[in-house]
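Read the structure below first, then the notes.
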Amino acid sequence: MRTSRSASLLRLSERGLYCEAGDFYVDPWLPVPRAVITHAHGDHAHWGCDSYLGAREGERVLRTRLGAEARIRTADFGEPVDLDGVRLTLHPAGHILGSAQLRIEHRGEVWVVSGDYKTDPDPTCTAFEPIRCQTFVTESTFGLPIYRWPPQGVALDEIRGWWRANADAGRASVLFAYALGKAQRILAGLRDDDIGPIYTHGAIERLNRDYRNAGIALAPTTYASALPRSHTFAGGLILAPPSATGSTWLRRFGAISTGFASGWMRIRGTRRRRSLDRGFVLSDHVDWPSLLGAIDATGAERVWVTHGFREPVVRWLQAKGIDAEAIASRWEGEGELELSAESLVAGEEIVA
């Protein structure tokens, strides 16, 4: 049985996780003097902090999200940074471009904050690296046993088949995907396809530039709103953020079929509630087996479980003799939680 020996190098405050010894906050949800950022998604990188520290790999997207005036310091993966005597290193999290785990060491204690992460291969970011520690602070966005991902190639083949069928029927294919990370992962996976042209929403296109400037190969895209209203989009693939669902922006594309790429598509009811034609299971977070495997690889004596389905993970770890507890946060993971654990137990249909 693993038993906890770690002192509280981090504590939860009203502004986020705080390291008193180093006087910095991890992914604070309110403005603070010094923020250390795991990645550039909006629930982790908030505006208004006096200074930020993040991974050099993600500097472009972090700058796009925080603005030109933000004071951003970056470090390479594995490069030591001293913050008032606390040794901090950033290590790949495999979530999106520049996503990092934070290894925090002080007076012999080692904590790791995962941020959001995945262990599956992804050509758009550096692969996840397991880090040994005494206390591991982990996400649990998909912390239920029903969440198990098929290989990425399965989802991409399904997207290609849907796109081809729509093109043959004279329709445009509108695929909703998160603007930072998911959209670029899809574009990297489709870069050698010639089914038809690919168009993008502005929220995605500006981040595509950051990825390309960072050396990430993506399929060619055209900013949809730069084209005249008379342009014919039939046969094309349009990538848009979920916020565009049901918007007047979609009217320009004529006859469309809609799809959504997300881990939430593992449950058929999610697709029905969103009135989508297709759902594709593709997530930038760990599934249940990968979550448990990643936790085990740290060798941690204590585990804090933050956003997502926290309680099932905590119960599973405690049953294995690990000191685990759920920690409240304002981090959201992959969008809003679409389902409660109770609704899943009650028999929501799972995609085979």
Please examine the side chains of [Y] and [X], heavy atoms only from C-beta on, and report whether any two atoms are closer than 4.5 Å.
X    : Y    : answer
T298 : V112 : no
Q184 : N208 : yes
C19  : L9   : yes
R185 : L282 : yes
T38  : D116 : no
V137 : T306 : yes
W304 : L12  : no
P31  : R15  : yes

According to side chain to side chain contact (heavy atoms under 4.5 Å, CB included), who are the partners of [X], at least two apart in sequence or on a separate chain?
X    : value
L292 : W288, W316
R132 : none
P289 : R148, D287
T222 : Y199, L227

For [Y], is there any backbone N or O sitting under 3.5 Å from a side-chain donor or acceptor partner on [X]?
X    : Y    : value
S283 : H285 : yes
R310 : S140 : no
S51  : P33  : yes
H41  : D43  : no
H95  : D284 : yes

Would you name the heavy atoms of [X] and [Y] that are closest together and state the gap between them?
X    : Y    : value
K118 : F128 : O-CB, 3.2 Å
S225 : W249 : OG-NE1, 3.1 Å
Q152 : P121 : OE1-O, 3.9 Å
A179 : L207 : O-CD1, 3.5 Å
A68  : R63  : O-NH1, 3.2 Å
V281 : P150 : CG1-CD, 3.7 Å

*Set of residues satisfying side-chain hydrogen bond (donor to acceptor under 3.5 Å, both in side chains) with respect to W163, sequence neighbours excluded*: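 Expected list: none.
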*For S114, which residues count as a side-chain hydrogen bond (donor to acceptor under 3.5 Å, both in side chains) partner, sequence neighbours excluded?*
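Partners of S114 under the side-chain hydrogen bond (donor to acceptor under 3.5 Å, both in side chains) test: none.
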*asked:* Side-chain heavy atoms under 4.5 Å apart, restricted to Ile/Leu/Val/Met/Phe/Trp/Tyr: what other residues fall into the cluster of Y25, or is it alone?
replied: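 Y18, V32, listed by chain and number.
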*Quick one: name the residues clustered hydrophobically with I37, using the 4.5 Å side-chain heavy-atom rule over I, L, V, M, F, W, Y, and just say none if it's on its own.*
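Taking Ile, Leu, Val, Met, Phe, Trp and Tyr as members, I37 shares its hydrophobic cluster with W47, Y52, L62, L66, I72.
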*Is the count of non-hydrogen atoms from other residues, nucleotides or ligands lying under 6.0 Å from R11 atom CZ greater than 12?*
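Enclosed: over 12 neighbouring heavy atoms sit under 6.0 Å from CZ of R11.
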*asked:* By the definition side-chain contact (heavy atoms from CB on, under 4.5 Å), identify the one residue from L88, I131, L90 that meets it with R103.
replied: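 When L88, I131, L90 are each tested with R103, the side-chain contact (heavy atoms from CB on, under 4.5 Å) holds only for I131.
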*asked:* If we check side-chain contact (heavy atoms from CB on, under 4.5 Å) with L180, which of these qualifies: D210, I204, I96?
replied: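 Exactly one pass, corresponding to I96.
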*Hydrophobic cluster membership, V154 vs I146, 4.5 Å side-chain cutoff*: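 As far as the 4.5 Å side-chain criterion goes, I146 and V154 are not connected within one cluster.
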*Can you hop from F253 to Y223 via hydrophobic side chains spaced under 4.5 Å?*
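Unlinked, F253 and Y223 end up in two clusters.
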*asked:* Does either side chain, that of Q134 or that of W111, offer a donor lying less than 3.5 Å from an acceptor on the other one?
replied: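 No pair is found: no donor N or O on one side chain lies under 3.5 Å from an acceptor on the other.
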*Would S329 and W29 count as having a side-chain donor-acceptor pair, cut-off 3.5 Å?*
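Per modelled atom types, S329 and W29 side chains form no pair under 3.5 Å.
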Keeping to residues at least two apart or across chains, list the salt bridge (Lys or Arg N to Asp or Glu O under 4.0 Å) pairs with something in [range].
range            : value
residues 236-261 : none
residues 152-168 : D157-R160, R160-D193
residues 197-206 : E205-R212

*Provide the full list of side-chain hydrogen bond (donor to acceptor under 3.5 Å, both in side chains) pairs with a residue in residues 76-91, sequence neighbours left out, each pair given once.*
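Only R34-D84, R56-D76, T89-H91, H91-E129 qualify under side-chain hydrogen bond (donor to acceptor under 3.5 Å, both in side chains).
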*Only one of Y117, W264, F309 clears ring pair (Phe, Tyr, Trp, His ring centres under 6.0 Å) with F142; which?*
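In the set Y117, W264, F309, the residue that makes a ring pair (Phe, Tyr, Trp, His ring centres under 6.0 Å) with F142 is W264.
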*Given the rule in the side chain to side chain contact (heavy atoms under 4.5 Å, CB included) test, do L102 and F24 qualify, once you have shown the distances and angles that lead to the verdict?*
CA-CA 12 Å; L102 310 179; F24 63 86; 5.7 Å; no
